[in-house]
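Working notes for the structure below.
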Protein chains: 6
Amino acid sequence: MSRLQEFREFRERMNNRIFEQDHLGVNRFFTLDGKAYEPGALDSLTKEFAGLSASMVLRCDDCIAYHVIRCKELGATDEQLWEVFNVGLVIGGSIVIPHLRRAVALLDELKADGAT
Amino acid sequence: MSRLQEFREFRERMNNRIFEQDHLGVNRFFTLDGKAYEPGALDSLTKEFAGLSASMVLRCDDCIAYHVIRCKELGATDEQLWEVFNVGLVIGGSIVIPHLRRAVALLDELKADGAT
Amino acid sequence: MSRLQEFREFRERMNNRIFEQDHLGVNRFFTLDGKAYEPGALDSLTKEFAGLSASMVLRCDDCIAYHVIRCKELGATDEQLWEVFNVGLVIGGSIVIPHLRRAVALLDELKADGAT
Amino acid sequence: MSRLQEFREFRERMNNRIFEQDHLGVNRFFTLDGKAYEPGALDSLTKEFAGLSASMVLRCDDCIAYHVIRCKELGATDEQLWEVFNVGLVIGGSIVIPHLRRAVALLDELKADGAT
Amino acid sequence: MSRLQEFREFRERMNNRIFEQDHLGVNRFFTLDGKAYEPGALDSLTKEFAGLSASMVLRCDDCIAYHVIRCKELGATDEQLWEVFNVGLVIGGSIVIPHLRRAVALLDELKADGAT
Amino acid sequence: MSRLQEFREFRERMNNRIFEQDHLGVNRFFTLDGKAYEPGALDSLTKEFAGLSASMVLRCDDCIAYHVIRCKELGATDEQLWEVFNVGLVIGGSIVIPHLRRAVALLDELKADGAT
């Protein structure tokens with residue numbers, strides 16, 4: 001199973017598991033998280049770019065993967081993604097590089113997958 | 001002296017001091033940092049939003065102040081800034097709240113200053 | 001004005017300012033944050049201890065101040081607080097020490113203030 | 001081998017390897033770390049909850065796994081663990097979610113393992 | 001394939017992939033990163049020690065692996081590396097321990113590999 | 001009172017206050033922290049450089065100040081310090097810049113103080 005498939009399968013399975021636990025605070029947090037990227041004074045793609053740069057500097061591979069996938073679904077070009085990668089790299093420093101490697105590998109996997 | 005004035009005065013004075021030190025690596029880093037926000041596949045404002053969310057989750061008051069000022073200079077509305085504040089808050093958690101308070105105080109100071 | 005007074009005054013003023021902005025996502029986040037410490041399967045004080053250790057390792061002075069104040073309001077002894085300080089110090093390392101210094105100074109200020 | 005088994009096997013093997021290196025500072029650190037959770041002004045479970053929330057916001061899967069296992073050994077209920085998960089999530093933000101997924105998967109594995 | 005081999009293969013492959021993307025800012029960042037460890041007012045090994053401690057407290061396994069490999073290539077003794085491990089552990093806290101375990105495992109793998 | 005004086009006065013006063021609290025775990029941690037920089041397989045200055053880079057990437061002004069002061073006491077040249085600043089900046093990214101500004105201001109203050 002590719003990293004992309006693994007990420008998607010585990011994410012969906014565990015999100016379901018978490019929702020079924022029915023902890024009010026946790027479930028409301030997940031709702032708030034989802035709503036933060038809905039279009040408002042800014043469109044969804046701009047918000048996803050902001051989420052991607054934040055995920056890069058916090059160095060969370062799963063969060064980076066999620067925002068890269070969403071950016072592509074919303075029509076981001078590769079050139080735009082690399083501009084955000086660059087902002088994340090400059091702000092976060094060389095400690096971000098291992099995560100950039102994995103982000104680029106996932107982006108290439110996404111394309112091979114026909115998702116772009 | 002207001003926080004806005006203090007921030008600007010100290011930032012400019014120390015940036016000059018650092019450039020005069022003439023350390024090649026450090027000076028090149030400052031150049032790279034500046035160029036990351038120049039328009040390219042994304043416009044400067046979108047990049048500043050990405051820089052702002054990253055600064056919020058990393059909880060750096062000076063970086064947040066800088067990106068808020070730049071966003072306003074580039075024409076961001078308050079509603080747009082609050083959308084980025086919200087993305088930063090949801091990704092970074094309640095630990096971001098003290099920085100949100102200071103960001104909002106600075107935004108209000110910017111307006112009183114006639115900068116918007 | 002003491003650090004304790006400054007913290008309380010700025011926190012209350014800016015929380016009001018933020019609520020008045022009326023951003024739905026931000027306001028809901030503040031509500032979720034407040035509810036996380038209400039008694040449930042764990043009492044409030046145990047949750048505040050968990051919040052305090054998390055704030056220490058994330059090295060947020062304002063968050064540490066808030067949880068120290070809440071712990072004392074809920075009846076924590078100094079000995080209990082020092083046990084949490086120790087957990088935070090061991091997990092977070094010597095980088096936590098400057099925040100421990102400020103936490104202890106605030107705790108002493110709280111007592112001088114008659115709050116304990 | 002399950003994640004739980006892998007975690008336990010690697011942790012024990014490498015802890016032995018590290019102790020045998022006989023670096024005085026490192027070994028004393030490990031001792032201090034162990035002692036921080038011994039009962040004192042607070043019982044061990046309360047300290048483990050504080051350790052768990054700190055591990056969540058620092059987003060360390062192995063540390064989270066360790067504290068979840070210890071909490072269950074000390075008699076924590078699932079409801080209590082979810083309260084700590086919620087505190088960690090609200091303080092640390094959505095960046096904690098991937099670690100929450102793995103914490104819940106490990107908790108389920110622990111049960112299947114007969115550990116609860 | 002061992003962790004050492006995997007790390008080296010993925011790192012080289014993705015670095016090539018990233019350079020071929022030809023993003024000016026990203027490529028310049030990689031150059032700056034490389035140059036930071038070249039001998040100057042400090043020799044390369046002292047800089048690598050500084051890079052290793054920084055990587056430990058930021059808890060980046062790949063960065064730790066890279067600096068450990070470089071330190072050994074530059075002639076560091078095991079005793080010297082353990083002194084840096086200890087500095088990283090004390091500054092960064094017990095949250096660093098899982099990364100220390102992996103660093104020591106990699107160091108042992110490096111030796112089995114004949115690299116020392 | 002200058003920032004250097006304030007830092008020294010508060011640090012000494014609160015360290016005394018903490019030691020007098022007589023919490024065994026906390027006091028042992030302070031001892032471990034001090035011993036980590038004593039000469040061993042590496043000399044003290046090399047360890048202080050490692051501590052300085054770690055403090056920079058963790059963005060702790062007080063820790064940076066302490067290690068800068070110690071480095072100068074141990075005979076570090078400005079050129080050597082700037083090399084470590086550069087390593088910290090490249091690893092930690094532009095988020096380190098505000099701390100670099102304050103580190104350089106403190107270094108200049110140290111000189112004006114006759115400490116170099």
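Reminder, nothing fancy here: chain letters follow the sequence lines and each chain counts from 1.
Here the closest non-hydrogen pair linking Ser55(D) and Ile95(E) is CA-CD1, 4.3 Å. Between Asn86(E) and Gly25(D), the shortest heavy-atom contact is OD1-C, 3.4 Å.
A distance of 7.0 Å separates CG of Leu107(E) from CZ of Arg17(D), quoted to the nearest 0.5 Å. Taking CD1 of Ile97(E) as the reference point, atom CG of Asn15(D) lies at 7.5 Å (rounded to 0.5 Å). Here CD of Glu12(D) is found 11.0 Å from CZ of Arg101(E). Values are rounded to the nearest 0.5 Å. For the atom pair CG of Leu89(E) and CZ of Arg28(D), the computed distance is 14.0 Å after rounding to the nearest 0.5 Å. Trp82(E) CH2 to Leu24(D) CG: the interatomic distance, rounded to the nearest 0.5 Å, is 12.5 Å.
Put simply, the side chain of His23(D) reaches to within 4.5 Å of the side chain of Glu83(E), judged on heavy atoms.
Residue Tyr66(D) does not touch chain E at all, counting heavy-atom pairs closer than 4.5 Å. At a 4.5 Å heavy-atom cutoff, Arg13(D) makes no contact with chain E through either its backbone or its side chain.
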### Query
Does the side chain to side chain contact (heavy atoms under 4.5 Å, CB included) test come out yes or no for Phe29(D) and Val96(E), once each step is laid out?
CA-CA 11 Å; Phe29(D) 190 94; Val96(E) 171; over 6 Å; no

### Query
Under the side chain to side chain contact (heavy atoms under 4.5 Å, CB included) criterion, do Leu100(E) and Val26(D) qualify, and how do the steps go?
CA-CA 10 Å; Leu100(E) 175 64; Val26(D) 171; 4.2 Å; yes

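A distance-only check finds a donor-acceptor pair linking the side chain of Arg59(E) to the backbone of Leu58(D) [under 3.5 Å].
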